[in-house]
Amino acid sequence: DVQLLESGGGLVQPGESLRLSCAASGFTFSSYSMYWVRQAPGKGLEWVSVIASGGNGIYYADSVKGRFIIARDNSKNTLYLQMSSLRAEDTAVYYCAKEGVINYHYGIDVWGQGTTVTVS
Amino acid sequence: DIQMTQSPSSVSASVGDRVAITCRASQDISSWLAWYQQKPGKAPKLLISAASTLQGGVPSRFSGSGSGTDFTLTISSLQPEDFATYYCQQANTFPITFGQGTRLEIK
């Protein structure tokens, strides 16, 4: 089965750092761009960052640019999100997600179960 | 950034009803539009990609249409398991952006 399993969430104070991990299985991880998408409590979905299959193309939402770093280790089938200078508004469930079967134009076809980050 | 606007924000309907949710992009996104279903406490699920391509395993009562700036998700005959929140997402360019969501409730 295709699966994404996030870990690393927790409760931190404003200004602190946290690293999220996402272990992928059931598909050729190195062939796909990967995303982080977040959802604040009771709110909608917000795209955070994307990293291309080879790690060369990276984009960030303006809300996290300069504070978050996305990375991947294709030898370990793992995606990361290093979050620093955390703010209360970063409180959310963070989803690891995979681009659509052909490319990013085809949406996000696999999502993890999410990991909760609380900044307070 | 491309803004995505869904309407309505919420809708009440009964089992068996036909429901349409619309999504408007602030600029032309061709057919690069995806629809997701999200139930409370769960991750979103991709229903439709490229505006009208139904994902495997998604019931045929779901359909998508549109191109350019105006898109529609239609559920032809609501089933109890369809009551959820639905999001559109433009997949034309980064930053990808989502609509604010449409909550589909039981009448």
Side-chain angles (χ1 to χ4, degrees), chain A residues 1-6 9 20 22 24 26-27 32-52 56-65 68 70 92-116, chain B residues 1-10 21 23 25 28-58 62 64 67 71 73 84-104:
Chain A
D1 279 358
V2 175
Q3 193 171 9
L4 299 171
L5 187 62
E6 303 96 335
L20 306 182
C22 171
F27 65 99
Y32 295 95
S33 293
M34 296 295 295
Y35 299 87
W36 289 100
V37 177
R38 69 185 181 183
Q39 187 169 36
K43 302 298 184 181
L45 300 169
E46 180 189 16
W47 168 77
V48 172
S49 184
V50 62
I51 184 167
N56 48 345
I58 289 175
Y59 295 96
Y60 297 99
D62 286 344
S63 57
V64 307
K65 201 174 295 182
F68 289 11
I70 191 171
V93 174
Y94 285 73
Y95 294 103
C96 165
K98 168 189 165 293
E99 73 172 344
V101 65
I102 298 175
N103 58 38
Y104 75 94
H105 286 311
Y106 293 86
I108 299 172
D109 67 349
V110 181
W111 298 70
Q113 86 289 350
T115 187
T116 300
Chain B
D1 298 2
I2 298 174
Q3 308 302 315
M4 306 300 293
T5 304
Q6 288 181 233
S7 61
S9 296
S10 65
I21 299 168
C23 180
D28 188 341
I29 59 169
S30 185
S31 294
W32 303 125
L33 190 285
W35 288 99
Y36 302 87
Q37 177 193 68
Q38 187 179 34
K39 296 183 178 179
K42 301 295 186 182
K45 173 187 175 182
L46 179 64
L47 298 176
I48 289 170
S49 64
S52 61
T53 301
L54 204 64
Q55 298 303 291
V58 176
F62 290 90
S67 66
F71 302 86
L73 171 69
T85 299
Y86 293 84
Y87 294 92
C88 63
Q89 175 234 321
Q90 67 84 10
N92 184 61
T93 187
F94 288 101
I96 64 171
T97 44
F98 294 88
Q100 80 279 14
T102 295
R103 185 174 178 182
L104 177 53

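The ring of B:Y36 has its center closer than 6.0 angstrom to the ring center of A:W111. Remark: aromatic rings of A:W47 and A:Y59 are distant, center separation not under 6.0 Å.
Distance check: B:Y86 OH to B:K45 NZ gives 9.0 Å after rounding to the nearest 0.5 Å. The OG atom of B:S52 lies 10.0 Å from the CG atom of B:L33; values are rounded to the nearest 0.5 Å.
Neither the backbone nor the side chain of A:Y60 comes within contact range of chain B; no heavy atom of the residue lies under 4.5 Å from a heavy atom of that chain. Residue B:Q38 touches chain A through its side chain alone, counting heavy-atom pairs closer than 4.5 Å. With a 4.5 angstrom heavy-atom cutoff, B:T93 touches chain A only via backbone atoms. With a 4.5 angstrom heavy-atom cutoff, B:A91 touches chain A via backbone and side-chain atoms both. Within the 4.5 angstrom heavy-atom criterion, atoms from both the backbone and the side chain of A:Y106 approach chain B. Within the 4.5 angstrom heavy-atom criterion, no atom of A:E99 approaches chain B. Contact of A:V101 with chain B is not made at all, since no heavy-atom distance falls under 4.5 Å.
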Next item on the list: Could you please spell out the steps behind the side-chain contact (heavy atoms from CB on, under 4.5 Å) verdict for A:V50 and B:I96?
Entry: CA-CA 10 Å; A:V50 62; B:I96 64 171; over 6 Å; no
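No other option in B:G41, B:A50, B:P44 has as many heavy-atom pairs under 4.5 Å with chain A as B:P44.
Ring pair B:Y87/B:F98 is perpendicular by interplanar angle, where above 60° counts as perpendicular and below 30° as parallel.
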